[in-house]
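What follows is a single structure, written as structure tokens, with notes after it.
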Amino acid sequence: MPESTKTATLTIGDKTLELPMYTPTAGPDVIDISKLYGQGGVFTHDPGFTSTSSCESTITFIDGEKGELLHRGYPIDQLAEKSHYLEVCYLLLYGELPSAAQLEDFESRITRHTMVHEQIHKFFSGFRRDAHPMAVMVGVVGAMSAFYHDSTDISDPWQREVATIRLIAKMPTIAAMAYKYTVGQPFVYPRNDLDYASNFLSMCFAVPCEEYKVDPILSRAMDRIFTLHADHEQNASTSTVRLASSSGANPFASIAAGIACLWGPAHGGANQACLEMLRTIGSVDRIPEFIARAKDKNDPFRLMGFGHRVYKNFDPRAKVMKQSADEVLDLLGVENNPTLQVAKELERQALEDPYFAEKKLFPNVDFYSGIILEAMGFPTSMFTPIFALSRTVGWVSQWKEMISEPGLKIGRPRQLYTGHAMRDYTEIETR
Ligand code: SDX
């Protein structure tokens, strides 16, 4: 924790409290209210945590006003252009960009943990073929607790490291198996001769009947999508992982909780919802109708892929994703993709509309990702599993940071209670 060099004065009735303040490397100062209840007898109240810092972290920083995203200080647009996913994983996990030898060792450890226990294959047959792949991932990742007992003791740094490697290595395998199961095709084993992104594409799209050749365009686009989704400070699913593991729950159970939270359409489920929205709009002449609906307070419809709790400027990931969408669809010869045309015109009209400008609503990471994934051959139901696969390193990095802190406390918020005061039970005859 940085040294406290100033305080905030809070007057509550006849009490005046001096609360320590901390100045971060970047971002707003924070007021430490941990002793507020003990000294002042009051709680703070902040549903949705719009003004609340839940932890100290050194991993990722977002400047919502400027539209900047830094991983260990490196801007996301530089990492997306110059780095690759497993190198970004190393950076997030260990704090620095790796040397060539460190990277080779890390990639080798990941490669050798990509297979799942053979018994896990049997799990899938318990699901209906039309199960959503996110339902499968929540179940199978949680069940990893039942297989990898030698990496569930979070007090053991070695077991934490093994769990870290296993989760990052096996998530693509599990996501690909979830996809294969829903399309009725046999599972494809990981290949140690392929890089991380190529291996995922092979496990999703290879079939036993012919040799699968990885398209380098798709592999590069896939790796960039993984990188853009890797971590994002204390978003809902990361906060879920931190809260779950604060009780001492094992890493597989905690990550499964994060997957469950990510599934929601307000969070990681927005990429699927966004593409389905673009398909529903169907053509550029229907865009005004949907923009009007998004602005109508009486209509629950929102523009999926637009808006963000933190970004009040362009999401830097959306900028890179938009550029990648143009490149990938052009290279795949689908540059006239109607969904992409609707997305671009919708973005243009929304950004010119005072409603969106006043509320500082811009495209977020989910607005263009689905267009690329669809062009790559993925069904919309696989969009959020790919987000979960990518975010696993962020969840694990934040989990490692929290678990390694001395004096870890279980997360246990309080509340503003407005229910009944104490009252006596009444017998049913008198009701
Ligand atoms: C992700 O937190 C993260 O970092 C998440 C993420 C990550 O990498 O982990 O970045 C990934 O989850 C991106 C967000 C994906 N979700 C969507 O695209 C769904 C659509 N967006 C909205 O549901 C919304 O913008 C949220 C949930 C993303 C943010 O909601 P907030 O911060 O709680 O903001 P809000 O709902 O209070 O909205 C503020 C105002 C409201 O109007 P008023 O009540 O002030 O009149 O803006 C309006 C909202 O009605 N608004 C929208 C809108 N988003 C907000 N109006 C129309 N369309 C939208 N998309």
Side-chain angles (χ1 to χ4, degrees), residues 27 46-54 57 59-64 67-71 76 80 88 92 134 225-242 258-278 281 287 289-321 343 346-347 349-351 353-371 383-384 386-395 397-398:
D46 184 17
F49 309 119
T50 50
S51 303
T52 294
S53 155
S54 62
S57 182
I59 299 171
T60 291
F61 176 71
I62 302 170
D63 186 321
E68 288 175 355
L69 166 58
L70 307 180
H71 290 319
I76 188 63
V88 172
L92 289 168
M134 283 298 279
I225 286 177
F226 291 163
T227 296
L228 291 172
H229 289 82
D231 189 43
H232 214 236
E233 64 153 77
Q234 307 311 317
N235 59 84
S237 54
T238 298
S239 299
T240 299
V241 170
R242 279 180 172 261
I259 296 173
C261 176
L262 186 76
W263 194 1
H267 191 13
N271 53 20
Q272 173 174 346
C274 179
L275 195 93
E276 288 164 355
M277 172 192 75
L278 293 171
I281 294 172
I287 288 173
E289 168 196 340
F290 284 84
I291 286 184
R293 286 187 57 196
K295 293 158 61 177
D296 179 356
K297 282 286 154 249
N298 300 317
D299 189 331
F301 172 79
R302 285 190 165 182
L303 289 186
M304 303 316 285
F306 252 78
H308 199 275
R309 170 61 58 76
V310 177
Y311 289 121
K312 300 310 171 189
N313 198 324
F314 241 92
D315 180 334
R317 301 167 298 174
K319 283 184 180 175
V320 178
M321 203 74 84
L346 173 60
E347 175 194 341
Q349 291 190 29
L351 294 182
D353 188 303
Y355 172 90
F356 293 89
E358 285 156 19
K359 293 183 185 299
K360 298 185 177 181
L361 301 175
F362 293 86
N364 59 51
V365 69
D366 294 309
F367 190 68
Y368 285 103
S369 57
I371 292 165
F383 292 3
T384 310
I386 288 169
F387 193 152
L389 182 176
S390 312
R391 184 53 57 86
T392 296
V393 66
W395 291 330
S397 301
Q398 302 267 351

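In this chain, residues are counted from 1 in sequence order. Order of appearance sets the numbers: ligands from 1, and atoms from 1 within every ligand.
- Residue Phe356 has no N or O atom closer than 3.5 Å to an N or O atom of ligand 1.
- Between Gly305 and ligand 1, a contact under 3.5 Å exists for at least one N or O pair.
- Protein heavy atom at the shortest distance from atom 19 (C) of ligand 1 is Met304 CE, 3.5 Å.
- For atom 26 (C) of ligand 1, no protein heavy-atom neighbour is present inside the 4.0 Å cut-off.
- Counting protein heavy atoms under 4.0 angstrom from atom 4 (O) of ligand 1 gives one or more.
- In terms of polar-atom proximity, His308 is counted as a contact of ligand 1, with an N or O under 3.5 Å from an N or O of the ligand.
- Inside a 4.0 Å radius of atom 39 (C) of ligand 1 there is not any protein heavy atom.
- Distances from ligand 1 to the non-hydrogen atoms of Pro265 include at least one value under 4.0 Å.
- Of the protein's non-hydrogen atoms, Ala270 CB, 3.5 Å is the one closest to atom 17 (C) of ligand 1.
- In terms of polar-atom proximity, defined here as any N/O pair under 3.5 Å, Ala266 does make such a contact with ligand 1.
- Nearest protein neighbour of atom 13 (C) of ligand 1, counting heavy atoms only, is Asp366 OD2, 3.5 Å.
- Some N or O of Arg309 is nearer than 3.5 Å to an N or O of ligand 1, by distance alone.
- Heavy atoms of Thr50 found under 4.0 angstrom from ligand 1: none, in either backbone or side chain.
- Under a 4.0 Å heavy-atom criterion, Gly48 is not in contact with ligand 1.
- With contacts defined as side-chain heavy-atom distances shorter than 4.5 Å, the pair Leu303/Arg293 does not qualify.
- For atom 58 (N) of ligand 1, the nearest protein heavy atom lies under 4.0 Å away.
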Exercise. Stepwise, does the ring pair (Phe, Tyr, Trp, His ring centres under 6.0 Å) test hold for His308 with Phe367?
Worked result: CA-CA 11 Å; His308 199 275; Phe367 190 68; over 10 Å; no
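- Thr227 places no side-chain N or O within donor-acceptor distance of the main-chain N or O of Ala80, the cut-off being under 3.5 Å.
- Within the structure, ligand 1 has Leu361 among the residues with a heavy atom less than 4.0 angstrom away.
- Using bins of under 30°, 30° to 60° and over 60° for the plane-to-plane angle, the ring pair Phe301/Phe290 lands in the perpendicular bin.
- The heavy atom nearest to atom 46 (O) of ligand 1, considering only Lys297, Met277, His267, is found in Lys297.
- Protein heavy atom nearest atom 45 (O) of ligand 1, with residue, atom name and distance: Lys359 NZ, 3.4 Å.
- By the 4.0 Å heavy-atom criterion, Phe301 is excluded from the residues contacting ligand 1.
- Heavy-atom proximity to atom 41 (C) of ligand 1, evaluated over His229, Glu233, Arg293, Arg302, is greatest for Arg302.
- The closest approach between a heavy atom of Arg391 and any atom of ligand 1 is below 4.0 Å.
- Distances from ligand 1 to the non-hydrogen atoms of Arg317 include at least one value under 4.0 Å.
- Below 3.5 Å of separation, one finds an N or O of Phe306 facing an N or O of ligand 1.
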